[in-house]
Amino acid sequence: MADDGNGFRDGQTGLIVRVREAEPAVRVWRERFDSSARAGVPAHVTVLFPFLDESRIDTHVSSSLADAFGSHHIFDLHFERCGRFPGVLYLAPEPDALLRRLTEAVVDRWPEAPPYGGRFTEIVPHLTVADGQGDAALDEIEADLLGKLPVSSRVSSVDLIAHHGAMWQMRASFALRE
C-alpha cells in the first residue's frame with residue numbers, strides 16, 4: 001500500500017480520543033506543524049496507532065472494540081501544561097492513567113498492534129500540537145498555548161479512523177460506559 005509522503009499508508013487505522021475543546025487553542029499550530037491535522041485528524045489523544053489494517057476491521061473486531069471500551073467509564077481530562085519529546089510539543093492530559101488503560105485494553109486483545117509499532121517502551125498519552133520543529137519554534141508555540149490553558153474535556157468515546165489517499169476519515173465511534 002502506498003505511503004502518502006507523511007509516513008501514513010492507505011488502509012492504516014488508529015484509535016483516538018477527540019478533544020474538541022482544545023481545537024480553539026491548538027488549531028492554528030496543528031495545521032502548520034502537525035501533518036495529521038492537515039490530513040483531517042482533529043485534536044486528539046491517541047489510544048493506539050497503528051491499529052489493525054482496515055481490511056481486518058470486521059463486525060467481530062468492531063464488536064470486540066465496543067466491548068473493550070464499553071467496560072470503561074466516561075471520564076474528564078484536563079490540559080494545564082505542555083510537554084515535549086525531541087522536536088515535538090504536546091498538551092499533557094491529566095489524569096493520564098485512564099487513557100493508558102484504554103490503550104492497554106486494546107493491546108491486551110490485539111498484541112500484534114503495539115503502540116507506535118513498538119518503537120517506544122512507555123505509553124505517554126499526549127495531544128500533539130507541533131512536530132518536527134526546533135526549540136525556538138516550540139518555545140513560541142508553548143508561550144502562546146500557556147495563555148489559552150487550562151482546557152477540560154469529557155471523554156465519552158473512542159473513534160476508529162482510517163487513512164485513504166491523503167486524508168484520515170472516521171470509521172466508527174465506540175462509547176464508554178456512563
Side-chain angles (χ1 to χ4, degrees), residues 1-4 6-23 26 30 34-79 85 90-129 131 151-178:
M1 292 187 187
D3 184 303
D4 72 351
N6 290 312
F8 305 125
R9 61 175 177 69
D10 282 352
Q12 202 166 32
T13 66
L15 295 162
I16 65 170
V17 167
R18 289 180 187 229
V19 184
R20 290 175 178 88
E21 297 83 354
E23 286 287 354
V26 303
R30 288 187 70 244
D34 181 358
S35 62
S36 72
R38 292 187 300 277
V41 181
H44 69 282
V45 175
T46 300
V47 172
L48 187 63
F49 176 81
F51 184 48
L52 304 177
D53 188 86
E54 189 176 26
S55 65
R56 291 188 55 197
I57 308 293
D58 58 15
T59 55
H60 176 70
V61 169
S62 293
S63 177
S64 294
L65 286 169
D67 290 346
F69 295 129
S71 69
H72 293 265
H73 287 280
I74 292 171
F75 58 95
D76 293 320
L77 287 179
H78 305 284
F79 299 86
F85 302 126
Y90 62 86
L91 297 183
E94 298 288 336
D96 68 358
L98 299 172
L99 292 162
R100 290 173 198 265
R101 286 189 199 124
L102 293 175
T103 300
E104 291 163 355
V106 179
V107 172
D108 285 349
R109 172 62 181 83
W110 290 279
E112 70 273 26
Y116 300 100
R119 291 190 337 232
F120 307 106
T121 57
E122 183 181 0
I123 299 168
V124 180
H126 60 281
L127 189 159
T128 299
V129 178
D131 188 6
V151 170
S152 295
S153 179
R154 178 149 266 224
V155 177
S156 59
S157 63
V158 175
D159 294 338
L160 172 68
I161 59 173
H163 190 265
H164 293 281
M167 300 300 289
W168 285 91
Q169 301 167 0
M170 185 160 118
R171 288 292 180 232
S173 189
F174 303 96
L176 302 184
R177 184 170 39 159
E178 288 286 334

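We use all heavy atoms of the structure for the numbers below, so side chains are in, but hydrogens, waters and symmetry mates are not.
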>> If you apply the rule side chain to side chain contact (heavy atoms under 4.5 Å, CB included), what do you find for Leu99 with Phe75, and how did you get there?
In response: CA-CA 10 Å; Leu99 292 162; Phe75 58 95; 3.9 Å; yes
> What closest approach, in Å, do Leu176 and His73 show between heavy atoms, and which atom pair accounts for it?
Replying inline: CD1-O, 3.8 Å
> Quick one: CZ on Arg30 to OG on Ser35, what's the gap to the nearest 0.5 Å?
Replying inline: 9.5 Å
>> Show every salt bridge (Lys or Arg N to Asp or Glu O under 4.0 Å) that has at least one partner inside residues 167-178, sequence neighbours left out.
In response: Glu54-Arg171
>> Distance check, rounded to the nearest 0.5 Å: Ser173 atom OG versus Ile161 atom CD1?
In response: 12.0 Å
> What is the minimum heavy-atom distance between Ala43 and Leu127, and which atoms define it?
Replying inline: CB-CD1, 4.2 Å
> Atom CE of Met167 and atom CZ of Arg38: how far apart are they, to the nearest 0.5 Å?
Replying inline: 11.0 Å
> So, do Phe8 and Ser36 sit near enough that their side-chain heavy atoms are less than 4.5 Å apart?
Replying inline: yes
> Hey, mind stepping through Ile57 and Phe51 against side chain to side chain contact (heavy atoms under 4.5 Å, CB included) and telling me if it holds?
Replying inline: CA-CA 10 Å; Ile57 308 293; Phe51 184 48; 3.7 Å; yes
> Taking the inter-plane angle between the rings of Phe69 and Phe174 on a 0 to 90° scale, is it parallel (under 30°), tilted (30 to 60°) or perpendicular (over 60°)?
Replying inline: tilted
> Between Leu48, Val47, Val45, which is the residue that forms a side chain to side chain contact (heavy atoms under 4.5 Å, CB included) with Leu102?
Replying inline: Val47
> Looking at residues at least two apart in the chain, or sitting in another chain, which of them share a side chain to side chain contact (heavy atoms under 4.5 Å, CB included) with Ile123?
Replying inline: Arg100, Thr103, Glu104, Pro115, Pro125
> So, for Pro111 and Pro114, which heavy atoms are closest and what is the spacing to 0.1 Å?
Replying inline: O-CD, 3.7 Å
> How far apart are the C-alpha atoms of His126 and Asp96, what are their side-chain angles, what is the distance that settles it, and do they pass the side chain to side chain contact (heavy atoms under 4.5 Å, CB included) test?
Replying inline: CA-CA 9 Å; His126 60 281; Asp96 68 358; over 6 Å; no
>> Once rounded to the nearest 0.5 Å, what's the spacing between atom CH2 of Trp168 and atom CG of Asp159?
In response: 13.0 Å
>> Please determine whether side chain to side chain contact (heavy atoms under 4.5 Å, CB included) holds for the pair His72 and Leu98, giving the CA-CA distance in whole Å, both sets of side-chain angles, and the decisive distance to 0.1 Å.
In response: CA-CA 9 Å; His72 293 265; Leu98 299 172; over 6 Å; no
Pairs under 3.5 angstrom only: tabulate donor-acceptor contacts from the side chains of residues 59-66 to other protein residues two or more places apart or in another chain.
unit_1 : atom_1 : unit_2 : atom_2 : d
His60  : NE2    : Arg109 : NH2    : 3.2
Ser62  : OG     : Asp58  : O      : 3.2
Ser64  : OG     : His60  : O      : 3.1

> Any idea which heavy atoms bring Pro93 and Leu77 closest together, and the distance?
Replying inline: CB-CD2, 4.1 Å
> Looking at side-chain heavy atoms only, is the closest gap between His44 and Val17 below 4.5 Å?
Replying inline: no
> Under a 4.5 Å cut-off applied to non-hydrogen side-chain atoms, are Asp53 and Arg9 in contact?
Replying inline: yes
> What pair of heavy atoms forms the shortest contact from Thr13 to Ala162, and how long is it?
Replying inline: CG2-CB, 4.0 Å
> Per the side chain to side chain contact (heavy atoms under 4.5 Å, CB included) rule, which among Val26, Val19, Thr128 passes with Leu91?
Replying inline: Val26
> Closest approach of Ala113 and Val107, non-hydrogen atoms and distance?
Replying inline: O-CG2, 3.9 Å
